[in-house]
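Written below as structure tokens is the structure these notes are about.
So you know, we letter chains A, B, ... as the sequences are listed, proteins then strands, and number each from 1. Scope of the values below: all heavy atoms of this structure, side chains included, with no hydrogens, waters or symmetry mates.
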2 protein chains.
Amino acid sequence: MTETFQIGQLATKLAVPVETIRYYEREGLLPKPARSNGNYRLYADNERTRLEFILHCRALDMTLQEIRTLLSLRDAPEKGCAEVNALLDEHIGHVTERMRALRRLHTELKSLRAHCEVPSASKDCGILQELASAPIKRRKSVAAGVHAANRGS
Amino acid sequence: MTETFQIGQLATKLAVPVETIRYYEREGLLPKPARSNGNYRLYADNERTRLEFILHCRALDMTLQEIRTLLSLRDAPEKGCAEVNALLDEHIGHVTERMRALRRLHTELKSLRAHCEVPSASKDCGILQELASAPIKRRKSVAAGVHAANRGS
DNA sequence: TAGACACTCTGTAGTAGGTTCAGGGTCAAG
DNA sequence: CTTGACCCTGAACCTACTACAGAGTGTCTA
């Protein structure tokens, strides 16, 4: 019989909040674990490994949906891993695009900042004036993260 | 008497969804506009200008809270614009940090991808193996966007 | 045996910045 | 008088968690 641990121990070991583990269970990324007499969750090594897998993927900024896909591929060892490659390539594509957007953004912010090197009264502030009148370049918000929803053309 | 337009016209002009305009009003970024007899919102040029200002700021990935601050500075022309500069500098700092994080992430993803140039059965997939065993480097999620919450050390 | 304290349980609500939907009202044209 | 385009409010949904509230469990000490 292998060693089991309860949720707090698992959380400490992997440096993840307890609530996150329960959340992943609710979301179907982790299976429902065994329970103790007192209804505490009991985890063994396979759950621990699975959670580690998930955390690695999250550290690489994949969405839970992407991770679900990877887990299902991992659970089907007879299938090829071409899908894994495809998913990863697409994810890398997202990241690349986001880097480009951030670079553009950075340039623009720097140029905006240059409008006001010498502090003055805010009614004469070059930055505020620029913000009021600069053309709006519609772009996907960087704040949306790596996985931007497509809004608009 | 200046020309007025209703929400759909304003939305079309500035290429923003109607719902977003109403949302900004709820959030207090836009003032409550005049209403027609039929209870339709009626906008004039000053609201339009204010909305443009907000959209420019959003295009630069500022949060609504940052924009609220900028708007209040804009509304107080007697105050200095040192605060504007400070806000912008901090925002640029966020963006810079995020760019760095994205570059690290990109490197890591590329290296992971290199584990499986030749598709094989998924049970032998180098990527899946790597994801299961690689050390977890805790980092702020890039998906949190430019404005990351600080979670954990 | 009782109390203190740490741990766990479920369920709900909040976060940012919107988007989508249901169920209705308004207005001009045909 | 009906069609269709527009508008209204209020609430639910999205991601990936996080933060409670209120209750039960388990262990240690007095």
* Length of the OH-P vector between A:Y23 and C:dG11, whole Å -> 17 Å
* Asked: To the nearest Å, how far apart are A:M62 CE and D:dA16 C1'?
  -> 16 Å
* To do: Using atom types as modelled and distance alone, determine if a side-chain donor or acceptor of B:S111 lies under 3.5 Å from a backbone N or O of B:T107.
  => no
* Which of these passes side-chain contact (heavy atoms from CB on, under 4.5 Å) with A:Y43: A:L51, A:I7, A:T4? -> A:I7
* Structure fact -> Nearest-nucleotide check on DNA chain C, B:Q65 vs A:G8; residue mapping nearer the 5' end is A:G8
* When you check the phosphate oxygens OP1 and OP2 of D:dC17, does a side-chain N or O of A:Y24 lie under 4.0 Å from one of them? -> yes
* From the list C:dT19, C:dG17, C:dC7, which nucleotide is the closest neighbour of the side chain of B:E19? -> C:dT19
* Is any side-chain N or O of A:R35 closer than 4.0 Å to OP1 or OP2 of C:dT10? -> yes
* **Interatomic distance where CZ belongs to A:F5 and P belongs to C:dT8 [whole Å]** => 13 Å
* Asked: Between D:dT25 atom P and A:L42 atom CG, what is the distance in whole Å?
  -> 15 Å
* Name the closest nucleotide to the B:V18 side chain, picking from D:dC17, D:dA16, D:dC7. => D:dC7
* To do: Check whether more than 12 heavy atoms from other residues, nucleotides or ligands sit under 6.0 Å from atom NZ of A:K110, and answer yes or no.
  => no
* Euclidean distance, atom CD1 of residue B:I67 to atom C1' of C:dA16 [Å, nearest integer] -> 12 Å
* Asked: Does OP1 or OP2 of D:dT18 have a side-chain N or O of A:T20 closer than 4.0 Å?
  -> yes
* Asked: Less than 4.5 Å apart, any side-chain heavy atom of B:M99 and any of A:R103?
  -> yes
* B:R41 side chain near D:dT9 phosphate (N/O to OP1/OP2, under 4.0 Å) -> yes
* From the list D:dT18, C:dG18, D:dC8, which nucleotide is the closest neighbour of the side chain of B:N39? -> D:dC8
* Tell me what B:E27 touches on the nucleic acid: a base, only sugar-phosphate, or nothing, going by heavy atoms under 4.0 Å. => nothing
* To do: For the pair B:R98 and B:D61, find out whether any cationic side-chain nitrogen is under 4.0 Å from an anionic carboxylate oxygen.
  => no
* Asked: Less than 3.5 Å between a donor and an acceptor, one on the side chain of B:Y40 and one on the base of D:dC6, is that the case here?
  -> yes
* Asked: Taking OP1 and OP2 of D:dC8, is either one under 4.0 Å from a side-chain nitrogen or oxygen of B:R22?
  -> yes
* Does B:R68 have a side-chain nitrogen or oxygen under 4.0 Å from the phosphate oxygens OP1 or OP2 of C:dA16? -> no
* To do: Rounded off to whole Å, could you give me the CD1-to-P distance for the B:I7 and D:dC6 pair?
  => 13 Å
* **Gap between atoms CD and P, on A:Q9 and C:dC7 respectively (whole Å)** => 10 Å
* Asked: Could you give the CZ-to-P distance, from A:R58 to D:dT15, as a whole number of Å?
  -> 12 Å
